[in-house]
Amino acid sequence: MIIEQTVSPPSFRLGKAYAIDFSSDGSLLASLADNVELWGIKERNRLNTFDVPSNPSSLMFSPDGSQLVVVNTAGTVVVLDIRSGKSVCEFNTSKKGKQGSNIVFSDDGSEIIYGSWDGDLFVYNRATCACIYKTNFDNAMITCITYSSVTKTFFFAIQNKWSKDNPKLSHSIVYNRLPFSDAGFQKIDEHKGTIKELRISNDGKKLAILGNRKKNDQLIVQDITTNKAIASRDIKPSGTPNKFCWSPDDSVIAFTGDHQVTVFDSLKLKPIGFIPLQYACDVLFSPDGSFLAIGSWEKGLVLNTDQIDFL
């Protein structure tokens with residue numbers, strides 16, 4: 001099945017969008033390129049544009065939808081007010097100007113969690129922007145964070161740093177719950193190779209992992225309890241980032257790469273749909289599953305999922 005790039009109501013085009021996020025009520029979509037563009041889903045139109053630090057890399061709405069947090073490749077984190085677009089506070093997480101993981105909020109939105117490629121893990125108070133917890137994974141990089149609101153658990157992809165004495169890259173997946181303590185971090189898996197992306201299912205029972213264990217990248221769905229793979233699939237190298245997301249009911253995984261979005265059945269990772277889009281680089285379902293937003297280095301797209309005839 002191929003979904004053509006037709007754009008009919010209520011679908012609409014975005015501008016350039018390296019990263020995207022929906023507000024928790026699904027009424028707003030934020031897209032990130034050289035700045036932040038705020039889109040109204042009902043209005044099918046851009047509502048505002050906000051300036052951000054140079055080279056932004058990821059963003060996330062606060063749970064109450066009143067603020068956006070943006071991080072750039074130098075590890076600068078900025079909290080923006082949605083109404084005014086003005087910076088509420090800003091903090092630097094890396095003295096060496098190194099980038100890090102994505103940003104994740106606590107359930108109530110009071111805390112911001114971020115990991116750096118220096119191996120530092122930070123918890124910031126959103127109201128005061130004060131760092132209230134910091135720990136370091138020695139000789140490692142924190143590359144990805146994912147959170148389950150069902151189990152109240154944060155999962156972290158930790159990669160050892162390359163060196164002449166340690167030339168083989170490997171990743172560990174560790175987890176913890178707030179309030180963090182150094183003794184609270186537990187390892188659930190170790191991967192030979194690298195982990196590029198990590199996403200917990202909405203029911204909190206499965207992890208989707210994109211990694212490189214041998215010569216090829218693999219997408220793996222893994223059971224949290226048994227730590228065993230439920231399904232896996234080789235992924236061809238792509239010139240654009242491979243990003244993916246679960247549908248709200250966890251029945252499918254949407255995956256970017258090779259100038260398209262591939263929709264997989266999550267139980268067997270069998271392709272059940274293709275959405276062509278040049279330079280597709282991010283993908284996300286709206287909270288109620290009504291829309292699928294696709295970021296692109298060229299022009300993003302928001303589709304009504306009713307227009308997608310999944311087999």
Requested in this report: Would you tell me whether S31 and W39 have side-chain atoms, one donor and one acceptor, within less than 3.5 Å of each other?
Outcome: yes
Query raised in the report: If you draw a 6.0 Å radius around CG in D51, do more than 12 non-hydrogen atoms from other residues or ligands fall strictly inside?
Result: no
Requested in this report: Determine the interplanar angle of the Y124 and F91 rings, folded into 0 to 90°, and report it as parallel if under 30°, tilted if 30 to 60°, perpendicular if over 60°.
Outcome: parallel
Report task. Quick one: pull up OH in Y175 and CZ in F154 and give me the separation to the nearest 0.5 Å. Result -> 14.5 Å
Query raised in the report: When you measure from the side chain of T256 to the backbone N and O of K243, does any donor-acceptor pair fall under 3.5 Å?
Result: yes
**Report entry** Within-4.5 Å side-chain heavy-atom neighbours: L59 and L80
**Finding:** no
Query - Any side-chain donor near an acceptor of the partner, N55 and N72, under 3.5 Å - result: no
Query raised in the report: Side-chain donor-acceptor pair under 3.5 Å between T135 and D182, yes or no?
Result: yes
**Report entry** Stepwise salt bridge (Lys or Arg N to Asp or Glu O under 4.0 Å) test for K236 and D258
**Finding:** CA-CA 8 Å; K236 294 180 180 179; D258 200 23; over 6 Å; no
Query - Within-4.5 Å side-chain heavy-atom neighbours: R199 and C144 - result: yes
Query raised in the report: How many angstroms lie between NZ in K134 and CG in D120, if you round to the nearest 0.5 Å?
Result: 4.5 Å
Query raised in the report: Do I142 and V123 sit in the same hydrophobic cluster, where Ile, Leu, Val, Met, Phe, Trp and Tyr count as joined when their side-chain heavy atoms come under 4.5 Å apart?
Result: yes
Query raised in the report: Looking at side-chain heavy atoms only, is the closest gap between L269 and V221 below 4.5 Å?
Result: yes
Requested in this report: Return yes if a side-chain donor-acceptor contact under 3.5 Å exists between R177 and T153, otherwise no.
Outcome: yes
Query raised in the report: When hydrophobic residues are tied together by side-chain contacts of less than 4.5 Å, even through go-betweens, does V283 share a cluster with F264?
Result: no
Query raised in the report: Does the side chain of D107 come within less than 4.5 Å of Y147's, by heavy atoms?
Result: yes
Requested in this report: For the residue pair F180 and F185, categorise the inter-ring angle as parallel (less than 30°), tilted (30 to 60°) or perpendicular (more than 60°).
Outcome: tilted
Query raised in the report: Would you say D138 has more than 12 foreign heavy atoms packed within less than 6.0 Å of its CG?
Result: no
